[in-house]
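Here's the structure, in structure tokens; my notes come after.
Predicted model only: the values in this text are computed from it and were never measured. By convention here, the first residue in the shown sequence is residue 1.
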Amino acid sequence: MKGNLNGCLFVMLTGAIISGCVDVAKKNRELTHLNDARFAETRADAGPTGEISPSSGSPLLVDQAVTVVFDESMDPASLTLGGDLAEDHPAASWSSTRFRNDTVRLVPREGWRRGNNRTLSVGGVGLTGVPSQTVTASYSFFIGFIYVNVANGGIELGTKIRPYNTIQEGIDAASPGFGVLVTGGVYNADYASTGTPVADLAEDVSLFGGFNPNDWDVRDPSLYPSRIQDQSTFGLGCAIYGHTVTNNTVIDGFEISGGRSRVAIAICNEDNASPTIQRNTIFGGRPDQINAMSLISRGISNKNGSSPIIANNHIDGGRPNSLTANSVFSYGIHNTLGASPTVRQNYIHGGAPWVDRESAVGGIYARSYGIYNESTTPLPDIQYNTISGGIPYARNGTHRADASSIGLYSNGASLPVIHANTINGGAPVSVSSSSLEYAHAWSVGVLCEHTPIVNIERNDIEGGRPQSAGRNYGAKSYAYAIELISTREATVRRNDLHGGSPTCQSYGGHALGGATALLYSSSLSDTVFEPNIDISRNTLYGGDVETAAPDYANAFGDTYGVFLYGKNQSSASAIPAQTTMNIEVYNNVIKGGEAEASTSSTSYGILVRGDSSYTNDGTSSVTYNLSIRNNTIDGGQGHHRTYAYSSRPIAEAGCSTIISPQIENNIFYNWSCPSVSCVAINENQEVGNGTSINDPLTVRNNNILTSNVGCSCLPYLDEGSTPLSTIAAMEALTDMTAQNNVDVDPVFSQAQPNPWELTPFSPAVVREGGLNGANEGWGFITDKNGVSRTPLDSSPTGWSMGAYEFQ
């Protein structure tokens, strides 16, 4: 038995009474301090942590306080404030919640300044002398709030006690500078029937969802989802509509979805509507109209000069599906007519359009896009997103089935800035039993078509995983990480590119498969066209292709690290068509990929090609001004199950094309290839009157491995038909300058993430024997890592061969 009388502790133990007076309050304090010290010791490296209230992302009134509670006592004099809100010079007062001086309350002296996502950081030092972990948050500030709860069936005043029960009532009652706070629940409207969406946005009136219907101080969109849903079943449907609003109008914390109309859209921005759309889940809708020739769904539609800020959302293009339509389309974000959005830190999925018809003359099409920029979309800013093209499906019993998905598409005058994204082309599927046309599936990570200027840097891009299955006529399946068509100025730099993994199978017809990390082609007619393309500091892998034709038909598969295709179909116009392609490929690591086919397969590190068209004056229609310098290039690995297969680190092909590259300072090899046809440099055959228009200008200071890991490789194929078995025979050619090339094992590093890097163990002739870019007039003086290089006679800090240089 024990008790406490007047501060004295009495304990009865085995019949004896032991008594004594103890200061219990003092003992408790001592134990608390001891526990605090022990707790601090166990995480001395981490320091005190704190919780901020209201939670980050919440809307606040301009006079509302912010509180941080730390998990131990703090030194009030050590308080540090940062971020936008520190500029408002708030007053700080300390109090005790669980421990002495563990809580700081920040109150604006003259009111927080208005703004969206204004930031705050709070730090300090605990009494143990250990700095705290920094507490960060962001808030949006308003001069007043209107309240909305769909469950209110009584009096509506827009207050906490008597909220409105529709979002539009809240918007209509709000003044500029107000926020409309919305509880969890379902908010519906039928735009096609009434012309009224769930929310028709107003300038500087913002919407915040996810509040607890029973407690307005609690906001958690995951526990209390506020669902905005369009109920349209025909025509054009739209859940949220924006007109002429600016970034001051915010949509935050909702689940938003389009309806079942022929064109279903979750958010429509028109006529310069530029709201801030953040922290939402957005779904394009489920169009399923029986008699429509085409169905379309879009997560966000921007047009007529709209420039919204789209950040930290989960966006899905939707699920249009049909048994009767000829085409179905879905878009995560669709931009047109001068729209110029800022798209950052979102997860974007193109959607899953689905069409299945037993007989559709002319074919059926299912297409999905993560982001789609039409020709009049200027300067979209696309950074730090995760983007997938989608998973379209098309099946046709009697004619062509075509399924395609694209992560990011830009056309015409759109000038996108594409930085630091993770992009996947998608996984389209096509099935056809036609005896007339192919089943065709193709996917692209980034496709820019006739786009004047493109900047693609620091992205991780994969072409996708298209699948096709054909019967009597055949199947095609292609994937590209990046495809540039007639782009005038392109910078492709510091990206990690994977062509993709297409598969196709055909019963009774041909199967054709291909994958490319980067494809550039020109196809303008009757114009003078001189593109300038910079391909540098990338890691490019052609991809993995698998094709099969079990019924003894042909199956072909090819992979390419870089595919340059100069094609220019001229007409009978009086103006000759001429293309000069100025392309620099430098400081890259390039691998052709792995192709497997039951008939034949070829993998290429770089393939340079032209077509057979001439200008109307009889001259060549395409001329390459091409430099290939300081790359590490692996031809790849071709497999076969029946006939031929081959591998080429670099190859030329085409008829009327003038291909005379400068090939300098590279490392060429084929790693573990089982190829019967392996050539390091494959020169194209001569054309015309026997003039040497396709010989390289120079082949200098390259490391050309002729034998590596059991793979015997020819260094050069002259005129496309004469094999040269030694580097000396190549350098003896008189129709080009070839000198100082070697055949030395480079001894690459095996460490990740840079397995191609040269090491101190690499031979000196490789790590010190290269050319200096500045002195050679290449226009660049840095290696793949961006490190400036200086030429020193025998120093490991000078220039070396290959993309990675010995440091």
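For Phe208 and Phe142, the gap between ring centers is short of 6.0 Å.
Atoms CG and CD1, on Asn302 and Ile371 in that order, are 10.5 Å from each other to the nearest 0.5 Å. Here the straight-line distance linking atom CD1 of Ile296 with atom CD1 of Ile265 works out to 8.5 Å at 0.5 Å rounding. Of the inter-residue distances, the one linking Asn280 atom CG with Ile240 atom CD1 reads 7.0 Å to the nearest 0.5 angstrom. Note that CD of Gln64 and CZ of Phe145 are 6.5 Å apart. Values are rounded to the nearest 0.5 Å. To the nearest 0.5 angstrom, Ser294 atom OG is 13.5 Å from Ile364 atom CD1. For the atom pair CD1 of Ile418 and CG of Asn459, the computed distance is 7.0 Å after rounding to the nearest 0.5 Å.
Considering Pro59, Ser206, Pro275 in turn, Ser206 is the only one that fulfils the side chain to side chain contact (heavy atoms under 4.5 Å, CB included) rule with Val250. Applying the side chain to side chain contact (heavy atoms under 4.5 Å, CB included) test between Leu120 and each of Thr136, Asp88, Ile52 identifies Ile52 as the sole match. Considering Asn495, Asp381, Asn455 in turn, Asn455 is the only one that fulfils the side-chain hydrogen bond (donor to acceptor under 3.5 Å, both in side chains) rule with His419. Applying the side chain to side chain contact (heavy atoms under 4.5 Å, CB included) test between Ile387 and each of Ile382, Ile406, Asn346 identifies Ile382 as the sole match.
Looking at Ser443, its side chain never comes within 3.5 Å of a backbone N or O of Ala479 through a donor-acceptor pair. At distances below 3.5 Å, at least one donor-acceptor pair connects side-chain atoms of Thr451 with backbone N or O atoms of Ser410. Between the side chain of Ser430 and the backbone N or O of His440, at least one donor-acceptor pair lies under 3.5 Å. A donor-acceptor pair under 3.5 Å is formed between the side chain of Asn313 and the backbone N or O of Arg279. Ser340 contributes a side-chain N or O that, together with a main-chain N or O of Pro378, makes up a donor-acceptor pair within less than 3.5 Å. Without hydrogens or angle criteria, Thr281 side chain to Glu255 main chain gives no donor-acceptor distance under 3.5 Å. In this structure, the side chain of Gln289 engages the main chain of Thr233 through a donor-acceptor pair within 3.5 Å. With hydrogens and angles ignored, the 3.5 Å screen pairs a side-chain donor or acceptor of Ser261 with a backbone N or O of Gly237.
At a threshold of 4.5 Å between non-hydrogen side-chain atoms, the residues Tyr191 and Cys268 do not count as touching. Contact annotation: the side chain of His349 approaches that of Ile391 to within less than 4.5 Å [non-hydrogen atoms, C-beta and beyond]. When side chains are defined from C-beta on, Ile256 counts as touching Ile251, because their heavy atoms get closer than 4.5 Å. Contact check for Thr183 versus Ser226: no side-chain heavy atoms found under the 4.5 Å cut-off. Between Tyr139 and Val66, some side-chain heavy-atom pair lies under the 4.5 Å cut-off. Looking at heavy atoms from C-beta onward, Leu60 lies in side-chain contact with Pro54 at the 4.5 angstrom threshold. Contact check for Val454 versus Val446: no side-chain heavy atoms found under the 4.5 Å cut-off. By the 4.5 Å heavy-atom criterion applied to side chains, Ile277 and Ile282 are counted as neighbours.
In terms of heavy atoms, Ser121 sits closest to Gly83 at OG-N, 3.9 Å. Scanning both residues, Ile171 and Ala202, for their nearest heavy atoms gives CG2-CB, 3.8 Å. When every heavy atom of Phe141 is checked against every heavy atom of Trp112, the shortest pair comes out as CE2-CD1, 3.2 Å. Listed here is the closest heavy atom pair of Asn247 and Thr276: O-OG1, 2.8 Å. When all heavy atoms of Ala189 and Asp230 are compared, the closest pair comes out as O-OD1, 3.2 Å. Gly425 and Ser405 make their closest contact through O-OG, 2.8 Å (heavy atoms, listed as atom of the first residue, atom of the second, distance).
Taking 4.0 Å as the cut-off between side-chain N and carboxylate O, Arg494 and Glu457 do not count as a salt-bridged pair. Ion pairing between Asp402 and Arg400 holds under the 4.0 Å rule for side-chain N and carboxylate O.
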Passes side chain to side chain contact (heavy atoms under 4.5 Å, CB included), Ser193 versus Phe234? Steps please. CA-CA 8 Å; Ser193 298; Phe234 66 92; 3.5 Å; yes

Go through it in stages, so that I can follow the logic: the residues are Asn117 and Ser140, the test is side chain to side chain contact (heavy atoms under 4.5 Å, CB included), and I'd like the CA-CA distance, side-chain angles, deciding distance and then a yes or no. CA-CA 5 Å; Asn117 291 330; Ser140 300; 4.2 Å; yes

In sequence, state the C-alpha distance, the side-chain angles, and the governing distance for Trp442 and Lys476, and then conclude on side chain to side chain contact (heavy atoms under 4.5 Å, CB included). CA-CA 8 Å; Trp442 56 283; Lys476 295 180 179 179; over 6 Å; no

Chi angles and distances behind the side chain to side chain contact (heavy atoms under 4.5 Å, CB included) call for Phe254, Val182: CA-CA 9 Å; Phe254 292 90; Val182 183; 3.9 Å; yes

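Dense packing is recorded around CG of Leu223, with more than 12 heavy atoms of other residues, nucleotides or ligands lying under 6.0 Å away. Around OH of Tyr384, the count of heavy atoms belonging to other residues, nucleotides or ligands within 6.0 Å does not exceed 12. Counting heavy atoms of neighbouring residues, nucleotides and ligands inside a 6.0 Å radius, atom CZ of Arg493 exceeds 12 of them.
Ring orientation note: the planes of Tyr372 and Tyr369 are nearly perpendicular, at an angle over 60° on the 30°/60° scale. Ring pair Trp354/Tyr393 is parallel by interplanar angle, where below 30° counts as parallel and above 60° as perpendicular. Taking the six-membered ring where the residue is Trp, Tyr331 and Phe329 present parallel rings, their angle staying beneath 30° rather than reaching 60°.
Between the side chains of Asn165 and Asn152, no donor N or O sits under 3.5 Å from an acceptor N or O. Side-chain polar atoms of Arg465 and Asn424 form no donor-acceptor pair below 3.5 angstrom. Side-chain polar atoms of Gln278 and Asp252 form a donor-acceptor pair below 3.5 angstrom. Inspection of the Asn411 and Glu374 side chains reveals no N or O donor paired with an N or O acceptor under 3.5 Å. Side-chain contact annotation: Thr244 with Glu203, donor-acceptor N/O pair under 3.5 Å absent.
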